[in-house]
Amino acid sequence: MQYLQAFVHLGGVKKILRWFLPAAVSALTLVSCSKEEIGPPVFYQAEWAAAYYLGDGPASGVNAYRLDLVQGRTDEDLELISSGAVMRLWINSPVGGITLPEGTFQGSVSRDEVNTFHCDGTMSDGDVRCSYLALRSKTGARTQLYPLESGSLTIRCDSGEYRIEACVQAADREFTFLYEGEIPTIDCTETLKNF
């Protein structure tokens, strides 16, 4: 009798599992597909960085800078020649000196707000001041460019040593770059006057 009760009970469990397992597999498939669309966060420890002072920004009271954070090898034009990543940020800061300023900067579609970096989610040949991410995989024959959609940037400096953290969204993913070390700021104002 105990065997019969166990068999009936097991048969009931089998009926439940026949209904539950397909539903559970479908739910897991939907969850995993949505995660693949968003993509996991990606972290880069930048090996070097460079800052360029561009002078007056697009609005009065604004200074413009370009900041490049790089992991991987590049040529003289900062194009990746190995696998890696380059994050290029067009920064607007309050008017001050030539040195890369400290502070917290937010991604913005506006080009004339202080404490922002230009980040509008589109890029074209004519829009050279759109912040972007350049990625090249180990198997990639060329570099892919992705405009930044949003994000934040923190710049701190202590005795000439910078600590920079950029957390941005691009290509349906979140990317974080961390850099620690010296950053020379190159004054490009004279060069820009000649163009």
Side-chain angles (χ1 to χ4, degrees), residues 43-80 84-135 143 145-171 174-195:
F43 175 79
Y44 290 101
Q45 179 74 45
E47 297 165 349
W48 62 275
Y52 305 88
Y53 173 66
L54 306 173
D56 296 336
S60 63
V62 176
N63 273 355
Y65 295 84
R66 188 182 95 195
L67 173 64
D68 292 323
L69 303 171
V70 181
Q71 183 187 66
R73 293 180 310 153
T74 62
D75 62 17
E76 61 275 358
D77 296 322
L78 289 181
E79 299 291 329
L80 285 164
V86 174
M87 183 179 293
R88 177 162 290 168
L89 300 159
W90 297 95
I91 299 171
N92 292 326
S93 76
V95 170
I98 291 174
T99 305
L100 182 67
E102 293 185 77
T104 300
F105 304 84
Q106 297 299 319
S108 174
V109 295
S110 174
R111 292 178 184 244
D112 55 5
E113 293 179 37
V114 296
N115 298 323
T116 62
F117 57 93
H118 183 59
C119 187
D120 67 2
T122 62
M123 189 185 321
S124 65
D125 291 340
D127 188 12
V128 295
R129 290 204 178 188
C130 173
S131 299
Y132 66 85
L133 183 65
L135 299 175
T143 302
L145 301 181
Y146 301 99
L148 302 188
E149 298 157 2
S150 62
S152 65
L153 167 70
T154 304
I155 302 174
R156 298 284 178 257
C157 187
D158 184 20
S159 303
E161 291 286 314
Y162 279 89
R163 186 181 198 283
I164 296 177
E165 185 171 3
C167 298
V168 300
Q169 289 74 43
E174 182 177 291
F175 295 87
T176 299
F177 272 66
L178 180 64
Y179 175 76
E180 294 176 306
E182 294 182 0
I183 304 178
T185 302
I186 301 163
D187 186 351
C188 296
T189 53
E190 288 301 318
T191 306
L192 292 173
K193 285 178 186 176
N194 296 327
F195 281 102

Checklist line | Derivation and outcome, side-chain contact (heavy atoms from CB on, under 4.5 Å), residues Glu165 and Leu153 | finding: CA-CA 6 Å; Glu165 185 171 3; Leu153 167 70; over 6 Å; no
Notebook entry, point to check: Charged N to carboxylate O below 4.0 Å: is that the case for Glu161 and Arg163?
Noted result: no
Checklist line | Phe117 side, atom CZ; Met87 side, atom CE - distance, nearest 0.5 Å | finding: 8.0 Å
Next item on the list: Using atom types as modelled and distance alone, determine if a side-chain donor or acceptor of Tyr162 lies under 3.5 Å from a backbone N or O of Leu100.
Entry: yes
Next item on the list: Check for a donor-acceptor pair, side chain of Ser131 on one end and backbone N or O of Leu148 on the other, with a separation under 3.5 Å.
Entry: no
Check: So, for Tyr65 and Tyr53, is the gap between ring centers shorter than 6.0 Å?
Finding: yes
Notebook entry, point to check: Taking only residues two or more places apart in sequence, or in another chain, which ones meet Glu113 in a side-chain contact (heavy atoms from CB on, under 4.5 Å)?
Noted result: Ser108, Ser110, Thr116
Checklist line | Side chain Tyr179, main chain Glu182, donor-acceptor under 3.5 Å | finding: yes
Margin query: Parallel, tilted or perpendicular, judged at 30° and 60°: which one describes the rings of Tyr44 and Phe175?
Written below: parallel
Note to self: As a quick check of understanding, evaluate side-chain contact (heavy atoms from CB on, under 4.5 Å) for Asn92 and Asp112, giving each step before the final call.
What the structure shows: CA-CA 7 Å; Asn92 292 326; Asp112 55 5; 5.9 Å; no
Item checked: Donor-acceptor under 3.5 Å (Asp75 side chain, Asp77 main chain) -> yes
Next item on the list: Evaluate the criterion side-chain contact (heavy atoms from CB on, under 4.5 Å) for residue pair Leu67 and Ile164; output intermediate values, then yes/no.
Entry: CA-CA 10 Å; Leu67 173 64; Ile164 296 177; 4.1 Å; yes
Notebook entry, point to check: How close do Ala166 and Leu69 get, heavy atom to heavy atom, and via which atoms?
Noted result: CB-CD1, 4.3 Å
Note to self: Treating Gln71 as the side-chain partner and Gln45 as the backbone partner, does any N or O pair qualify as donor plus acceptor under 3.5 Å?
What the structure shows: yes
Checklist line | Smallest separation among heavy atoms of Val114 and Gly61, with atom names | finding: CG1-O, 3.8 Å
Check: Going through the distances and angles, do Thr74 and Glu79 end up as a side-chain contact (heavy atoms from CB on, under 4.5 Å)?
Finding: CA-CA 5 Å; Thr74 62; Glu79 299 291 329; 5.9 Å; no
Notebook entry, point to check: Do you know the tightest heavy-atom contact between Leu54 and Cys188?
Noted result: CD2-CB, 4.1 Å
Next item on the list: For residues Ala85 and Leu135, report the shortest heavy-atom separation together with the two atoms involved.
Entry: CB-CD2, 3.5 Å
Margin query: Given the ring of Tyr52, does Arg66 sit roughly above its face, with NZ or CZ under 6.0 Å from the centre of the six-membered ring and within 45° of the axis?
Written below: yes
Next item on the list: Compare every heavy atom of Thr143 with every heavy atom of Ala134, then report the nearest pair and how far apart it is.
Entry: CB-CG2, 3.6 Å
Note to self: If we count only N and O atoms by modelled type, under 3.5 Å, do the side chains of Gln169 and Ser150 hold a donor and an acceptor together?
What the structure shows: yes
Notebook entry, point to check: What's the shortest heavy-atom distance between Ser93 and Phe105, and which atoms?
Noted result: CB-CE2, 4.1 Å
Margin query: With a 4.5 Å cut-off on side-chain heavy atoms, are Val86 and Tyr132 touching?
Written below: no
